[in-house]
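This report refers to the structure that appears directly beneath it.
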Amino acid sequence: MEKLLVFVEAKGDEPRKATIELLSETRNLSDAGSFAVTAVGLGKISEHAIEKVLGYADRFVRITDGLLDDYTPEGYSEALAAYARQEDVRLVLGAATQAARDFLPRTAVLLGAGIASDVTAIGWADDPMTFVRPMYGGRVPSRCTFTGYPAVVSVRPNAFAVAPAGARRGEYVEWRAGVSPDRIKTRVLRVERESKGKIDLMEADSIVTGGRGMKAAENFALLEELAAALGGAVGASRSVVDAKWRDQDDQVGKSGKTVSPKLYIAAGLSGAIHHVMGMDTSGVILAINKDPNAIIFNYADYGIVGDVMEVVPAMTAELKKRTGR
Amino acid sequence: MTIVVLAKQVPDPEALVEVRAGGTELQIEQKFATNLFDEYAIEEALRIKEKHGGKVTIITLGGPKATELLRTALAMGADDVLLLEDPAFLEGDGYATALTLSKAVATQGADLVLCGRQAIDDDRGEVGPMVAEFLGLPHVGAVMKLDIGDGAARAERAVEGGREVVEVTLPAVITAAKGLNEPRVPQVMGVMKAMRAQIPRTSPADLGLAPSDIGKAGSKLKIERYFTREKRAAVKFIEGTPDEQAAEAIRILADVERVV
Ligand SMILES: Cc1cc2nc3c(=O)[nH]c(=O)nc-3n(C[C@H](O)[C@H](O)[C@H](O)COP(=O)(O)OP(=O)(O)OC[C@H]3O[C@@H](n4cnc5c(N)ncnc54)[C@H](O)[C@@H]3O)c2cc1C
Ligand SMILES: Nc1ncnc2c1ncn2[C@@H]1O[C@H](COP(=O)(O)O)[C@@H](O)[C@H]1O
């Protein structure tokens, strides 16, 4: 049977949500007998994360090597390519997280393989298989095919739905990578993590983004509260980042992050094309703006003409009332 | 310090892009700009040269219009430019494009290669790491701060939920993210000089590449079709006092859309 390799990324003790989304999709293929699915974890990965992934894959392979303890693109790409080569796989897949988008292109070169980055849909049954990837900031989706295999694919978070783990449990295997020490030329000096428990923008189910209409950095507390009630994350427009009200990591748009949550709330932002390019593929979009002619309303499903300072706290209160939190 | 920058000319973010001929072609309004992230790469190269000395060469693969990008870079202060211009070079996937660019970089003996995190037309974000792999060099992706030391560089990059500081030995490839710097505006003197500059060109044969290995012909990923995104239905405004609007919004999101 043809093999799919799925790169597993963890965040702390848990597999990343985007990895589970991808594994949910590939498990269907395994259940249907179309592909055998091997999940691959590199370096340190918790027992708990492995246990979870085994509910989705036929096999979990942990590639061990001291040189994989810290993420380096050289080490990760070499280890994954070596295993993919040995197993003669059809596709190497990974959730399109920052790390995967950083090292999968190198894996492709090592395999002499083509790569499709940040795909949003896969036609598994098409012959040849097809991959949809957004271009021009999401304005133009394109459908692509590979001229040969193996091939490498990264899948945008929120492209597939999370399914519960199955009753079947895969087998656990360890494999020694033998990464060449000479190859590793980057060294991680330190990692500065932000406050724990902060939900990553690219993986969040809901995002509340504030624009210059929030007027001041401290007013983002209102958005934090709404996001907390929704279990989501807070984003920012570029003007807000440039004004230093929010960190660069929070920026949504052309020169920031591309996000695709189920719910996107745009609060006090105008809807400049550069911003829209980063959020246009979101599920439901609600815009709040005091100007009834704001461009953002052209891209929204629902609009509230009003003052963010009044509407946002009222939404938070209403949500808390409903959920009893 | 020999610094090479890979920069691409892309349609202006506001250029109209239309899907034509049953999805087989794109018609793009003829408005171009240097890819945003590549501007950061060019600026960073110039700052490194100003601080440590050396030479900055800008390489682009593109059509005749890409000379505009090169002239702008010269006006900003780049020393040398190179245009990879040949129909065979064009419309490559990430693999073919990176293969070609890596051959061009190899002719330069670079200590440092700078490029953008992603080109905003194809939205791939592949070429930087792939060029690095083809050249057997390390890379650091999406860099927001860069310090060049003796034979090594220290780079700060964004990772999910934080920042990572890494040290990399040179030569290396660095891909630029927003936050790295603020690109300068070219001075009049520079612009005048750049207008007169000769733009050297390179062909596939010069790089030892067969036309079948590069561009569209050499691509491993082929685009079958383009689509027009379905437009969202017109916005539905929620009326009332702020409290009424908020209550109705939450009701819709929870009970109708089921997203909360
Ligand atoms: C090359 C390039 C790349 C760019 N990349 C990005 C990017 O990645 N992301 C990005 O966001 N932008 C980006 N921009 C900038 C973009 O073009 C806009 O300038 C920016 O998005 C505007 O931010 P804003 O909507 O917060 O501010 P504004 O455009 O000033 O809008 C503020 C809005 O708030 C509303 N408002 C004011 N007060 C209230 C209130 N009390 N209640 C309700 N509404 C209120 C106003 O009606 C207005 O519509 C880029 C620009 C360029 C040139
Ligand atoms: N045609 C090109 N000419 C020069 N540099 C390019 C070209 N295509 C891509 N690059 C560089 O590679 C980066 C990433 O491109 P991409 O992988 O296409 O998103 C860009 O920001 C450029 O620095």
Side-chain angles (χ1 to χ4, degrees), chain A residues 73-74 97-98 101-102 105-106 108-110 113-117 134-137 139-148 185-194 198 200 230 248-249 254-255 262-263 273-274 283-284 286 297 299-306 310-311 314-315 318-319 322, chain B residues 13-14 17 19 26 36 93-95 120-126 129-130 132-134 138-142 144 158-169 172 178-179 220-227 229 232-233 235-238 242-243 245-247 249-250 252-254 257 259-260:
Chain A
E74 308 96 290
T97 58
Q98 279 164 327
R101 292 201 65 186
D102 192 53
R106 299 188 75 121
V109 172
L110 289 169
I115 177 167
S117 293
M135 295 169 63
Y136 295 89
R139 283 183 292 168
V140 184
S142 64
R143 190 173 66 210
C144 311
T145 56
F146 289 107
T147 56
K185 297 207 171 74
T186 54
R187 194 159 60 90
V188 178
L189 298 180
R190 56 174 200 277
V191 185
E192 293 159 12
R193 292 261 171 237
E194 279 170 22
K198 188 173 158 185
D200 186 70
L230 288 165
Q248 178 65 53
D249 292 348
K254 190 75 272 186
S255 51
K262 297 194 178 77
L263 169 63
I273 184 75
H274 301 95
V284 177
L286 166 68
F297 289 129
Y299 300 97
D301 300 292
Y302 300 98
I304 293 179
V305 178
E310 291 173 8
V311 176
M315 282 180 67
E318 182 65 25
L319 198 57
R322 273 189 163 246
Chain B
E14 289 174 43
V17 180
V19 177
L26 289 184
L36 170 73
D93 65 350
Y95 193 99
I120 66 160
D121 49 356
D122 295 332
D123 284 336
R124 294 191 285 229
E126 297 162 2
M130 287 179 122
E133 189 60 59
F134 277 120
H139 86 268
V140 188
M144 305 169 82
V159 292
E160 269 107 352
R163 248 155 233 248
E164 195 174 79
V165 183
V166 303
E167 190 173 70
V168 61
T169 56
K178 174 169 180 271
K220 297 171 187 290
L221 184 73
K222 304 267 185 203
I223 297 177
E224 241 182 18
R225 249 204 89 157
Y226 301 101
F227 297 92
R229 283 254 337 262
R232 264 170 221 280
V235 61
K236 296 191 193 72
F237 282 107
I238 300 170
D243 284 340
Q245 288 173 314
I250 297 297
I252 291 171
L253 297 180
E257 300 288 353
V259 287
V260 302

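Throughout, protein chains are lettered first and strands after them, A, B, ... in sequence-line order, and every chain is numbered starting at 1.
- At a threshold of 4.0 Å, the pair Arg187(A)-Glu167(B) counts as salt-bridged, since one of the basic side-chain nitrogens sits closer than that to a carboxylate oxygen.
- Between chain B and the residues Met135(A), Glu310(A), Gln98(A), the largest count of heavy-atom pairs under 4.5 Å involves Gln98(A).
- In this structure, the side chain of Arg101(A) engages the main chain of Arg124(B) through a donor-acceptor pair within 3.5 Å.
- Scored by the ring-ring contact (aromatic ring centres under 6.0 Å, His included) test, Tyr226(B) finds no partners at all (sequence neighbours excluded).
- For Val19(B), the part lying under 4.5 angstrom from a heavy atom of chain A is the side chain only.
- With chain A as the partner, the residue from Leu221(B), Val259(B), Ile223(B) showing the most heavy-atom pairs under 4.5 Å is Leu221(B).
- Residue Gln245(B) touches chain A through both its backbone and its side chain, counting heavy-atom pairs closer than 4.5 Å.
- With respect to the salt-bridge test (charged N to carboxylate O, under 4.0 angstrom), the residues Asp121(B) and Arg139(A) do not qualify.
- Here the shortest heavy-atom pairing between Arg232(B) and Tyr299(A) reads CD-O, 3.2 Å.
- Considering only heavy-atom pairs separated by less than 4.5 Å from chain A, the leading option among Asp243(B), Asp93(B), Val17(B) is Val17(B).
- Of the listed residues (Gly306(A), Gly137(A), Gly148(A), Ala108(A)), the greatest number of heavy-atom pairs within a distance under 4.5 Å of chain B belongs to Gly137(A).
- Here Arg225(B) is the residue among Met144(B), Arg225(B), Glu14(B) with the most heavy-atom pairs under 4.5 Å with chain A.
- For Ile120(B), the parts lying near chain A are the backbone and the side chain together; criterion is any non-hydrogen pair under 4.5 Å.
- Here the shortest heavy-atom pairing between Glu318(A) and Ala246(B) reads CG-O, 4.3 Å.
- In terms of the ring-ring contact (aromatic ring centres under 6.0 Å, His included) criterion, residue partners of Phe134(B) (sequence neighbours excluded) are, by chain and number, Tyr95(B).
- Interface remark: Ala249(B) contributes side-chain atoms only to the contact with chain A (heavy atom separation under 4.5 Å).
- Within the 4.5 angstrom heavy-atom criterion, no atom of Ala172(B) approaches chain A.
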